[in-house]
Amino acid sequence: MVAVTVSQIVKESLGEIKNRHLILTPENYTEIFNEISKKYGFSTEESRKIEKYITRLSGEYKNQALGLNIKTIDEFVAFMIARLCRNAAQNPPNSTEDKKSNKSLIAFARKILQAVSILHNKEAKALAEQSMQLLAKKYDEKALDEMCEKWFEFIGSYNYEYLDFMKYYGVKNFDDLPTMSKELEKFLMLKDDRSDTAKLAELIMFLLEPSITKELDDELNSLKNTIRQNPVGLTNTEFQDKIKGFVDRRIEEDRAEIVEQVGSLNSVLQSISDKISAIAASSHTNSVKVQNIKNNLKDINLNSNSIDQVKNMLIGIAGVLEMESRELGIAMNSQQTTISELQNRVNTLEKELAEAKLESKEDFLTKVATKRALMSEIQKIEEAYKRYGTDYSICFVDIDFFKKINDTYGHDAGDVILSAVAQVLKKHARKIDFIGRYGGEEFVILLPNISLNGSVKFANKLRIIIENFKFIYKKETIKVTISSGVATRSANLGDTMTLESADKMLYAAKQGGRNQVMPKIIE
């Protein structure tokens with residue numbers, strides 16, 4: 001088996017959560033991390049503890065525990081409490097021997113409760129004292145069951161995430177309070193040294209900043225926030241690997257950006273060279289200065305000169321051409337506009353490249369995904385369905401009588417309505433949903449991990465919001481409604497058929513009078 005690192009397991013775990021369209025919670029992350037670790041032959045500390053506890057159980061309890069696929073310590077404790085309570089209810093002590101055994105168990109339980117009562121948890125201490133009072137007197141089966149239920153609720157709802165902030169203060173072992181105190185004390189003793197670490201962290205953040213590409217700005221900001229919160233984390237090998245991976249990706253993005261810019265500059269250079277040749281050919285006398293300019297163009301080397309150097313050289317050449325335009329005669333004057341346009345083109349080249357990238361993914365009017373990006377996302381969500389069975393629904397949305405709005409109020413008003421409807425859809429969708437403009441006044445919403453019934457309810461909610469929303473254009477209120485068609489993947493043979501089914505449902509909604517969602521769901 002190929003050797004893997006913890007960093008690789010973490011990356012694969014985060015990737016699996018994204019592929020399965022799960023919400024990133026501690027519970028989901030722990031489950032997926034244990035699954036990936038097990039795949040590579042690793043076992044976490046928690047899983048090793050659970051295996052050890054289960055091996056110590058008797059035959060019947062052991063088989064039951066193995067059959068339940070227990071994944072966390074909380075689940076194991078809940079399992080044991082449920083079995084013990086059930087056993088106590090089914091087998092009450094009758095014989096003298098049972099009564100002796102019961103007394104021993106009560107004494108044992110009281111000792112455990114005494115130990116619990118000295119822990120630093122008010123709720124656990126109060127519950128332990130109540131339990132000891134119950135065991136100290138004559139009790140009935142109902143009182144015992146009620147107390148068991150209270151312990152079960154306490155264990156099921158207990159949340160120790162309030163300790164998470166201590167990991168930023170050097171605490172690594174959260175299982176033992178004395179150990180936590182020692183780690184915190186050690187951290188505080190090294191507080192003076194942390195000032196140097198903080199200065200080093202600021203330097204690293206400064207070094208990470210310079211770049212040509214802007215594609216990785218969000219990831220860069222996330223890294224910088226992590227470093228600010230915990231500068232000591234820079235000594236962690238896993239976090240160092242994460243920074244190295246970010247730098248590698250940024251270098252590749254920078255290279256791609258430079259290739260695009262160099263290609264555009266090449267075309268500008270060729271265009272300028274062609275214009276100069278045309279001007280020289282039309283002159284009455286051979287101009288030495290024109291020849292010098294052509295030689296300067298040949299000296300430009302895109303492999304050795306930086307982008308800024310090339311830009312400045314081109315601007316300088318354009319300036320010389322403008323100064324010498326009178327000496328070059330009438331032909332030069334006729335080309336003056338072209339030279340100025342080339343100069344402006346060089347100055348705005350980088351901005352145009354950035355806009356071209358954005359337009360390929362985002363619809364310029366509605367600011368939602370383009371149809372091309374939408375179809376790409378459908379392929380991704382379909383792959384997740386085939387691999388993991390994660391169901392999804394597709395919702396087709398169409399603005400009712402949109403042509404009438406254009407004809408009555410003008411196309412500018414139509415554009416305003418399109419943009420406003422798109423923003424309403426984005427505002428009320430979930431974070432994992434994906435919205436794209438399919439064409440004209442049609443939108444498509446991808447709804448991962450949701451049933452057909454839930455999808456129809458969601459579409460109806462959007463319909464009501466749009467119907468009650470005040471769309472205003474030039475101080476005039478425009479009434480807008482939508483029709484929607486919904487289909488779920490599990491009811492169709494493929495992603496294409498699911499899209500077609502949603503389109504058919506939209507057609508049925510429009511034929512049925514508009515301002516409605518199809519299919520109708522009967523509760």
Side-chain angles (χ1 to χ4, degrees), residues 16-29 31-32 366 368-369 371 373-400 420-438 441-469 480-523:
E16 284 298 307
I17 290 174
K18 182 178 180 181
N19 290 337
R20 300 186 190 185
H21 297 276
L22 299 174
I23 299 174
L24 183 58
T25 62
E27 294 79 9
N28 286 341
Y29 176 77
E31 181 178 348
I32 298 300
T366 61
V368 298
K371 183 176 180 180
L374 174 68
M375 300 309 293
S376 176
E377 186 65 20
I378 290 178
Q379 293 178 359
K380 293 180 182 177
I381 202 172
E382 173 67 13
E383 183 65 23
Y385 173 81
K386 291 178 179 178
R387 292 186 64 184
Y388 309 111
T390 305
D391 204 2
Y392 64 91
S393 297
I394 295 179
C395 176
F396 246 112
V397 178
D398 182 87
I399 301 176
D400 296 331
V421 169
Q423 297 311 308
V424 172
L425 298 181
K426 288 173 65 176
K427 179 179 178 181
H428 295 280
R430 301 173 302 170
K431 288 185 178 180
I432 62 174
D433 297 337
F434 190 91
I435 304 174
R437 184 181 180 187
Y438 194 74
E441 67 273 19
E442 288 185 331
F443 298 89
V444 169
I445 308 175
L446 305 182
L447 304 168
N449 215 356
I450 188 171
S451 64
L452 179 62
N453 198 351
S455 303
V456 172
K457 289 181 178 179
F458 169 76
N460 247 322
K461 182 183 78 171
L462 292 179
R463 182 190 64 79
I464 295 171
I465 291 172
I466 294 294
E467 185 179 13
N468 296 323
F469 194 87
V480 178
T481 61
I482 60 173
S483 300
S484 298
V486 180
T488 187
R489 172 63 178 86
S490 57
N492 293 275
L493 296 178
D495 52 346
T496 302
M497 185 172 289
T498 306
L499 190 65
E500 292 174 353
S501 298
D503 191 25
K504 289 178 181 178
M505 288 295 102
L506 172 62
Y507 180 78
K510 292 165 69 175
Q511 289 295 106
R514 292 182 169 82
N515 193 20
Q516 60 179 311
V517 178
M518 291 295 289
K520 302 289 185 182
I521 301 298
I522 301 175
E523 296 291 348

If we only count heavy atoms from C-beta on, is the [X] to [Y] side-chain gap below 4.5 Å?
X      : Y      : value
Ile482 : Asp398 : no
Glu382 : Thr496 : no
Val397 : Val444 : no
His21  : Ile381 : yes
Thr498 : Thr488 : no
Phe469 : Val480 : no
Asp391 : Ile450 : no
Val486 : Met518 : no

To the nearest 0.5 Å, what is the distance between [atom1] on [X] and [atom2] on [Y]?
X      : Y      : atom1 : atom2 : value
Arg489 : Tyr385 : CZ    : OH    : 4.5 Å
Leu506 : Arg514 : CG    : CZ    : 9.5 Å
Leu493 : Glu500 : CG    : CD    : 10.5 Å
Asn460 : Ile521 : CG    : CD1   : 10.0 Å
Met505 : Ser484 : CE    : OG    : 12.5 Å

> Are Asn449 and Thr390 close enough that a side-chain donor and a side-chain acceptor fall under 3.5 Å?
Replying inline: no

> Does any donor atom in the side chain of Arg463 or Asn515 lie under 3.5 Å from an acceptor atom in the other side chain?
Replying inline: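 There is such a pair (donor and acceptor under 3.5 Å, judged by atom type) between the side chains of Arg463 and Asn515.
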
>> Could you walk me through whether Met375 and Leu499 satisfy the side chain to side chain contact (heavy atoms under 4.5 Å, CB included) test, starting with their C-alpha distance in whole Å, then the side-chain angles of each, then the deciding distance to 0.1 Å, before giving a yes or no?
In response: CA-CA 10 Å; Met375 300 309 293; Leu499 190 65; 4.2 Å; yes

>> Just to verify, what does Tyr388 make a ring-ring contact (aromatic ring centres under 6.0 Å, His included) with, not counting sequence neighbours?
In response: none

> Does Glu442 come within less than 4.0 Å of Arg437, counting only side-chain N to carboxylate O?
Replying inline: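 Between Arg437 and Glu442 there is no salt bridge, as every charged N stays at least 4.0 Å from the carboxylate O atoms.
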
> Should the pair Glu16-Arg20 be classified as a salt bridge under the 4.0 Å nitrogen-to-oxygen rule?
Replying inline: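 Result for this pair is yes, salt bridge flagged.
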
> Counting only N and O atoms by type, is there a donor-acceptor contact under 3.5 Å from the side chain of Glu383 to the main-chain atoms of Gln379?
Replying inline: no

>> I'd like to know if the side chain of Asp433 reaches the main chain of Arg430, judged simply by a donor and an acceptor atom lying under 3.5 Å from each other, with no hydrogens or angles considered.
In response: yes

> Within a reach of under 6.0 Å around CD1 of Ile464, are more than 12 heavy atoms found that belong to other residues, nucleotides or ligands?
Replying inline: yes

> What heavy-atom pair brings Ala422 and Phe443 nearest, and what distance separates the two atoms?
Replying inline: CB-CE2, 3.9 Å

> Ile394 and Asp495: which non-hydrogen atoms are nearest, and at how many Å?
Replying inline: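 Ile394 and Asp495 have their closest heavy atoms at CD1-O, 4.4 Å.
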
>> With side chain to side chain contact (heavy atoms under 4.5 Å, CB included) as the criterion, how do Phe434 and Ile445 come out once you've worked through the C-alpha distance, each side chain's angles and the decisive distance to 0.1 Å?
In response: CA-CA 6 Å; Phe434 190 91; Ile445 308 175; over 6 Å; no

> Taking only residues two or more places apart in sequence or in another chain, which ones pass side chain to side chain donor-acceptor pair (under 3.5 Å) with Asp400?
Replying inline: Thr481, Ser483

> So Tyr438 and Phe396, ring pair (Phe, Tyr, Trp, His ring centres under 6.0 Å) or not? Walk me through it.
Replying inline: CA-CA 9 Å; Tyr438 194 74; Phe396 246 112; 5.1 Å; yes

> Should Leu446 and Leu374 be marked as a side chain to side chain contact (heavy atoms under 4.5 Å, CB included) after you check the CA-CA gap, both sets of side-chain angles, and the distance that decides it?
Replying inline: CA-CA 9 Å; Leu446 305 182; Leu374 174 68; 4.1 Å; yes

> Between Ser393 and Phe458, is a side chain to side chain contact (heavy atoms under 4.5 Å, CB included) present by the stated rule, with each step listed?
Replying inline: CA-CA 11 Å; Ser393 297; Phe458 169 76; over 6 Å; no

